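Read through the structure below, which is laid out as C-alpha cells, and then see the notes.
Quick caveat: nothing in here was measured; it's all calculated off a predicted structure. All heavy atoms count here, side chains included; hydrogens, waters and symmetry mates do not. Residue numbers begin at 1 in each chain, while the letters A, B, ... track the order of the sequences.
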Amino acid sequence: MRVLLAGATGAIGVPLVRALTGAGHMTADAVLHEATALRGAAPRLKVGDPTNALRHTGTENLLAAARAVGARRLVTQSMILGYGYADHGDRVLTESDAFGLPRRSYADTVVAGCESTEQQAFGAGDVEGVALRYGLFYGPRAFSDMFADLMRKRRPCVPTGGGGTNCWIHVDDAARAWPLLPRAEFAPPSGVRSGRRTRLDVGMTSAHEWPTTIAEAEAVQERLRPLVDLDDEGPERVEFVAGLDVGYAADGDEVTGAVVVLEADTLRVVDSAVVRRRAAFPYVPGLFAFRELPPLLAAMEELTVTPGLLVCDGYGLAHPRRFGLACHLGVLTGLPVIGVAKTAFVGTHDDPAAERGSWSPILLDGEVVGRALRTRRGVKPVYVSQGHRIGLDRACAHVLRMAPAYRLPEPIRLADRLSRT
DNA sequence: GCGACAG
DNA sequence: ATCTTGTCGC
Ligand SMILES: [Mg+2]
C-alpha cells in the first residue's frame, strides 16, 4: 500500500493516518488532498487566501504528483459551501444539485476553489478523481469545533429564528470513511445514509428543549402536540424497523438507551446502538419521555442504518395530554412511530378475546386513543397507540407481524434486552 | 381531597 | 424500571 497524504497533521489527516496505518484497506495507490494552509490564513475570507490557493494550485501539484508516482486515484477535499453560501431550506442537497456557481456572496472565492479542485480531479482522465464535500466537523483540530464547543456550553449559534438542522460529523468518523473509497462501490447500500454516523454524545443532538421542572415539561408537551401527525396512514411495509428501550442501573441514576434495527421481513438484526448517561429527569407518569428520550435520541445518532419505522416501549396518543413518548419521538425524529406499552395507563378498555390478533379499543374521554391487542393466544395483551405518521389499523398490523413468537414485538424485546447489558 | 399512574 | 428465588404451566 502506498499513499501520499498531503495534510497529515490536520483535523482529518491525524485520524486518517491512524486509520490508514491500522486498517490496511487501501488496495490502490492513491493521493489524498487534505491540505490546508499552515500559516497566513486570515480570520475572514479574502482574495488570495492561502488555503484557497491549495484548492487551485495545490490540486494541480498533487495531480502532477499522482501522475509521477503512477497513482490511480486522487481524492480531494471539497466543501458543502460549494453549493452556495445561502439558506438552502430543509431539502437535502445531493450530487444532482447545482454546485460551484457564484452567488455574488463574499464566499464566492471559496466556492470557486471547491469547484476548481473538483473539476481538476474529475477531469484528470488517467487518474480517477473523487471529491469529498465536507460539511460540519467536530473533534480535535477541526475548525468548526469552535461552534460545537458553543453547543457543549449550551450556547449554540443558530440561524435567525432558531430553526434549521445541521449534520455534524466527528473527525474520526470522517477519517474512517476514507479507507472505503478505493472500493468501486461508493454508493451506500439501501437504507444506509453515509455521513449520518455521528457521535453527538456531548448533548448537541439539537436545540430541543429539555425542561427541568414538571410545569415546564407539561408546557413543552402542549407546545409540541400540534406537530404530531395522526392522519397519515403511514407505510404499509418498511425495509427496516427500529425498537427502542431504556434500561436503568440498579444503583445511581444512570440510564442506558438502546436501539436495535431489524430487517422488517426477516426480523433479523442489522444494526444496534447503546448509549449510557446520567438521567436528566425523574420518572413522573405522563412525563417519562423527558427521562427516556435523551438516551434514545443519542443512541439513534449512532445508527448507520436509517429505519423507516420506530417502535417504542410506552404510549403515544393514549396519554393525559395526548403526547406520550411515541408522539414525542416522532416529532423529534420525523419518523413514523408506534407506541407499544406493557401495562395499562389511561382510559378504559375491555379485555380482548383470547385469540391472537383480537383487540379492543382504549377509550379516553369518549375517543379511541389506542388498542389492547392480543399478540399471543391467552396471554395479556399489549397496548398499541399511535405515535406519529401511522394509522392505528396499520400500527396494529405491524405489531402483529413483528410479534410472531412472543408477546412483545421483536424490536422492543431486543432493545429491552440490549438495554440491560 | 385522595388514589392511581407508561417506564 | 429495579431488587430476586422459586413456582406454576405448557
Ligand atoms: Mg422500557
Side-chain angles (χ1 to χ4, degrees), chain A residues 210-211 214 217-218 220-221 224-225 228 243-260 274-300 310-332 337-349 354-356 361-365 367-388 392 395 399 405-409 411-421:
Chain A
W210 294 126
I214 287 176
E218 290 175 345
V220 169
Q221 291 183 329
L224 295 183
R225 182 175 53 192
V228 173
L244 302 90
D245 196 14
V246 176
Y248 298 77
D251 55 327
D253 54 351
E254 294 267 287
V255 289
T256 304
V259 188
V260 179
V274 192
V275 166
R276 192 183 162 107
R277 54 167 59 190
R278 290 191 86 80
F281 207 88
Y283 170 65
V284 179
L287 298 177
F288 102 106
F290 295 99
R291 182 172 178 78
E292 298 215 339
L293 223 28
L296 291 178
L297 292 174
M300 288 285 297
L310 307 182
V311 188
C312 71
D313 183 18
Y315 287 90
L317 226 210
H319 176 274
R321 284 168 296 280
R322 305 289 202 281
F323 195 75
L325 173 66
C327 301
H328 208 148
L329 199 50
V331 167
L332 264 42
V337 186
I338 301 172
V340 177
K342 299 183 291 296
T343 62
F345 183 31
V346 293
T348 58
H349 65 89
E355 295 307 306
R356 167 180 155 90
I362 299 171
L363 296 171
L364 180 63
D365 305 325
E367 288 174 66
V368 175
V369 292
R371 282 179 194 168
L373 175 67
R374 194 88 65 182
T375 52
R376 289 194 70 183
R377 152 194 280 262
V379 173
K380 179 182 166 83
V382 296
Y383 303 88
V384 179
S385 64
Q386 291 164 271
H388 186 57
L392 188 51
V399 169
Y406 301 98
R407 175 185 174 230
L408 292 181
I412 56 174
R413 210 181 129 254
L414 295 174
D416 174 76
R417 178 193 291 178
L418 184 61
S419 74
R420 297 168 197 263
T421 51

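- In terms of heavy-atom proximity, Ala279(A) sits nearest to Val255(A) at CB-CG1, 3.7 Å.
- Among residues two or more places apart in sequence or in another chain, the side chain to side chain contact (heavy atoms under 4.5 Å, CB included) test is passed with Val284(A) by Ile214(A), Phe281(A), Pro282(A), Leu287(A).
- Remark: Asp313(A) CG to Phe288(A) CZ distance equals 6.5 Å, nearest 0.5 Å.
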Protein heavy-atom contacts under 4.0 Å, written 5' to 3' over nucleotides 2-7 of chain B as B (base), S (sugar-phosphate only) or - (none), form the string ---SBB

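- With rounding to the nearest 0.5 angstrom, the OH atom of Tyr248(A) is 10.0 Å from the OG1 atom of Thr256(A).
- Pairing each heavy atom of Ile362(A) with each of Ala372(A), the nearest pair is CG1-N, 3.9 Å.
- For the pairing with Val340(A), the side-chain contact (heavy atoms from CB on, under 4.5 Å) check across Pro411(A), Cys312(A), Pro409(A) returns one residue only, Pro409(A).
- Contact between Arg376(A) and Arg407(A) at its shortest, heavy atoms only, is CD-N, 3.5 Å.
- A perpendicular orientation is assigned to the rings of His328(A) and Phe290(A), their planes being inclined by more than 60° (bins at 30° and 60°).
- Between Met300(A) and Leu310(A) there is a side-chain heavy-atom pair separated by less than 4.5 Å.
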Secondary-structure notation, DNA chain B, from Watson-Crick and G-U pairs under 3.5 angstrom (| other strand): .......

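- Among the heavy atoms of the strands, none lies under 4.0 Å from Arg377(A).
- Within the 4.5 Å cutoff, no side-chain heavy atoms of Glu254(A) are placed close to those of Arg277(A).
- One finds no salt bridge joining Lys342(A) and Asp416(A) here, because no Lys/Arg side-chain nitrogen approaches an Asp/Glu carboxylate oxygen to under 4.0 Å.
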Intra- and interstrand pairs of DNA chain C - dot-bracket, Watson-Crick/G-U under 3.5 Å, | marks other strand: ..........

Treating primed atoms plus P, OP1 and OP2 as sugar-phosphate and everything else as base, which nucleotides of nucleotides 5-10 of chain C get B, S or - for protein heavy atoms under 4.0 Å? ------

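- Qualifying side chain to side chain contact (heavy atoms under 4.5 Å, CB included) partners for Ala280(A), counting only residues two or more places apart in sequence or in other chains: none.
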